[in-house]
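What follows is one structure encoded as C-alpha cells, with my remarks underneath.
Just so it is clear, the values below take in all heavy atoms, side chains as well, and ignore hydrogens, waters and symmetry mates. Whatever order the structure lists ligands and atoms in, that order sets their numbers, starting from 1.
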Amino acid sequence: MSDNSILLEIDNITAGYNGEVIIKNARFNVFEKDFIGVIGPNGGGKTTLIKTILGLIKPFSGQIKYYGENSNDQLIGYLPQVHYVDKKFPISVRDVVLSGLMSKNRMIKRFTKKEKLKADEEMEKMGISGIRKKPIGELSGGQLQRTFLCRSLISSPQLLILDEPNNNVDNKFESDLYKILRELNKTIAIMMVSHDIGIISTYIKTIVCVNRDVHYHQSNIINEEQLRAYNCPIQLITHGEIPHTVLKTHVHDH
Ligand SMILES: Nc1ncnc2c1ncn2[C@@H]1O[C@H](COP(=O)(O)OP(=O)(O)OP(=O)(O)O)[C@@H](O)[C@H]1O
Ligand SMILES: [Mg+2]
C-alpha cells in the first residue's frame, strides 16, 4: 500500500455530551503513515474528537469510516490524556502492557506465549524491561508513560493516538518520546494532541485545529493569521528567530 491509503475517514462529525454539541464540522482523512498534530485551546474539544474517533463517544451526526487492515478494535492504539492509576492496586508494569490486548470482544485474562513475548519486546524497546515486575504505583511519571505507550502498541495498531503525552513528564522522556514517535511513524500513522506546536512541527505533517469547530490544515506550518481564520486562539510557541511562524526545521536540544 502507498502512503496515501486512507486509514480513517472522518466524515462531517458533530459530537458532544448529553445532547450538547462540543465539536462540529470535523472532516478530514487520516492516511497511512500520517502524522497529525492536534491543537486548540483548553476545553476546545480535542479529547472529545479523539474519543469520537476511538468510538468511545457516538457522534450526533456524520460518520467515521475505518479502512484499516486490522479489525476496528486493533486499528488504533491510544495513549489517554489522564491515566487513572490506583496506586495501591497491585498490578505490574507487564500486566498493564498486556492489558492492551483486552478489548470489547476479549475480556479473558490469559495470554499466549506469543503475546507475552510481544509484551517483553515492547518493554525492551521502551527501556522498561528492568522494571517489568514493579507495581505501577511505584513508577515515576516518565516510567508510567512508557508503560502506557507499550500498552497502546502491543496490539500492533496502524494508528497511534496520543493525547498530550508530554504533560507532567521529565525532559528525558519528552525527547525520547519524539525519537520513538519518529521511528514508529516509519510504519504507522500518528495523531498527537500537543500544546507545544513549535516543538512538534518538526515531526507532524498536517494540523487539526479544534475549537468547537474543527479545521484541517494540510501542512505543518501555520501562522497566526491562519489560526485566527480557524478561530483557534492558541499561542504559537517559537524558539527561533522567525516570529509567528511554526518553524519547519526546529531543532530541539535537550
Ligand atoms: N464526559 C463529559 N461530559 C460532559 N461534558 C464534557 C465531558 N468531557 C468533556 N466535556 C466538556 O466538553 C468540552 C471539551 O472538552 P475536551 O476535554 O474535549 O477539551 P480539550 O480540548 O481536550 O481540553 P484540554 O486541552 O483541557 O484537554 C469542555 O467544555 C468539557 O467541559
Ligand atoms: Mg484534552
Side-chain angles (χ1 to χ4, degrees), residues 8 10-28 30 34-64 76-86 100 104 141-142 144-149 151-153 157 159-171 173-174 177-178 181 189-201 203-217 220 222 224 226-238 246:
L8 277 187
I10 290 114
D11 184 10
N12 205 8
I13 293 291
T14 303
Y17 311 92
N18 312 314
E20 187 198 347
V21 172
I22 299 289
I23 50 160
K24 55 185 191 324
N25 301 322
R27 199 194 304 252
F28 58 93
V30 179
D34 223 335
F35 201 142
I36 303 176
V38 181
I39 58 172
N42 290 124
K46 300 179 296 297
T47 300
T48 304
L49 172 66
I50 281 172
K51 285 186 175 165
T52 312
I53 292 173
L54 289 163
L56 300 172
I57 297 174
K58 197 177 168 323
F60 298 144
S61 62
Q63 57 178 326
I64 298 176
I76 306 173
Y78 174 44
L79 189 72
Q81 181 169 13
V82 184
H83 308 297
Y84 295 98
V85 178
D86 182 346
K104 289 194 286 291
L144 205 56
Q145 281 296 60
R146 281 170 214 268
T147 303
F148 279 96
L149 198 51
R151 181 186 193 274
S152 62
L153 289 170
L159 168 64
L160 174 66
I161 300 183
L162 308 106
D163 197 348
E164 299 195 38
N166 37 7
N167 271 8
N168 306 318
V169 290
D170 48 281
N171 288 351
F173 174 72
E174 205 180 339
L177 176 71
Y178 295 128
L181 293 183
I190 294 174
M191 187 167 179
M192 172 158 117
V193 178
S194 178
H195 282 293
D196 200 345
I197 184 82
I199 287 172
I200 64 171
S201 62
Y203 305 89
I204 58 175
K205 294 168 185 164
T206 53
I207 299 172
V208 170
C209 293
V210 186
N211 185 19
R212 305 299 166 116
D213 247 315
V214 178
H215 287 273
Y216 182 64
H217 182 78
N220 67 343
I222 197 164
E224 282 189 358
Q226 285 162 325
L227 285 172
R228 258 197 304 279
Y230 296 155
N231 189 26
C232 192
I234 68 146
Q235 225 182 342
L236 288 179
I237 304 161
T238 51
V246 174

Would you indicate whether the side-chain heavy atoms of [Y] and [X] approach each other to under 4.5 Å?
{"X": "Ile161", "Y": "Val38", "result": "no"}
{"X": "Ile64", "Y": "Ile13", "result": "yes"}
{"X": "Ile222", "Y": "Tyr230", "result": "yes"}
{"X": "Gln145", "Y": "Leu149", "result": "no"}
{"X": "Ile22", "Y": "Arg212", "result": "yes"}

Per-residue contact class, Thr48 against ligand 1 - non-hydrogen pairs under 4.0 Å
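Both of them.
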Which value, rounded to the nearest 0.5 Å, describes the distance between Leu160 atom CG and Ile190 atom CD1?
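Taking CG in Leu160 and CD1 in Ile190, the distance rounds to 5.5 Å.
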Got a second to check how far Lys46's NZ is from Ile23's CD1, nearest 0.5 Å?
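Rounded to the nearest 0.5 Å, the NZ-CD1 separation comes out at 11.5 Å.
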Member of Asp163, Asp34, Ile204, Ile53 meeting the side chain to side chain contact (heavy atoms under 4.5 Å, CB included) criterion with Met191:
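Only one of Asp163, Asp34, Ile204, Ile53 forms a side chain to side chain contact (heavy atoms under 4.5 Å, CB included) with Met191, namely Ile53.
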Non-hydrogen atom of [X] closer than 4.0 Å to ligand 1:
{"X": "Glu164", "value": "yes"}
{"X": "Gly44", "value": "yes"}
{"X": "Gly16", "value": "no"}

Thinking salt bridges, do Asp11 and Arg27 make one under a 4.0 Å N-O criterion?
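Salt bridge absent between Asp11 and Arg27.
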Do any of the N/O/S atoms of Thr47, backbone or side chain, fall under 2.8 Å from the Mg ion (ligand 2)?
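Here the distance criterion (N, O or S atom, under 2.8 Å) is met by Thr47, so yes.
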Closer than 2.8 Å to the Mg ion (ligand 2): does that hold for any N, O or S atom in Thr48?
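So Thr48 does not count as coordinating the Mg ion (ligand 2).
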List the steps, then state whether side chain to side chain contact (heavy atoms under 4.5 Å, CB included) holds for Phe35 with Asn220.
CA-CA 9 Å; Phe35 201 142; Asn220 67 343; over 6 Å; no
What do you think, any protein heavy atom under 4.0 angstrom from atom 4 (C) of ligand 1?
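When distances to the protein are checked, atom 4 (C) of ligand 1 has a heavy atom within 4.0 Å.
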Could you tell me whether atom 20 (P) of ligand 1 has at least one protein heavy atom nearer than 4.0 Å?
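So atom 20 (P) of ligand 1 has protein heavy-atom neighbours under 4.0 Å.
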Determine, considering heavy atoms only, which of Gln81, Arg212, Lys46 sits nearest to atom 27 (O) of ligand 1.
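Looking at heavy atoms only, Gln81 sits closest to atom 27 (O) of ligand 1.
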Looking only at protein heavy atoms, identify the closest one to [atom] and say how far it is in Å.
{"atom": "atom 17 (O) of ligand 1", "value": "Thr47 CB, 3.7 Å"}
{"atom": "atom 24 (P) of ligand 1", "value": "Asn42 ND2, 3.6 Å"}
{"atom": "atom 9 (C) of ligand 1", "value": "Tyr17 CE1, 3.4 Å"}
{"atom": "atom 14 (C) of ligand 1", "value": "Gly43 O, 3.3 Å"}

Under 4.0 Å to a heavy atom of Pro41 - the qualifying atoms of ligand 1, by number:
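Ligand 1 atoms under the 4.0 Å threshold to Pro41: 21 (O).
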Could you list the atoms of ligand 1 found under 4.0 angstrom from a heavy atom of Ile22?
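The atoms of ligand 1 under 4.0 Å from a heavy atom of Ile22 are 12 (O), 13 (C), 14 (C).
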Purely on distance, is any nitrogen or oxygen of Gly45 under 3.5 Å from one on ligand 1?
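Yes - when backbone and side-chain N and O of Gly45 are compared with those of ligand 1, one distance drops under 3.5 Å.
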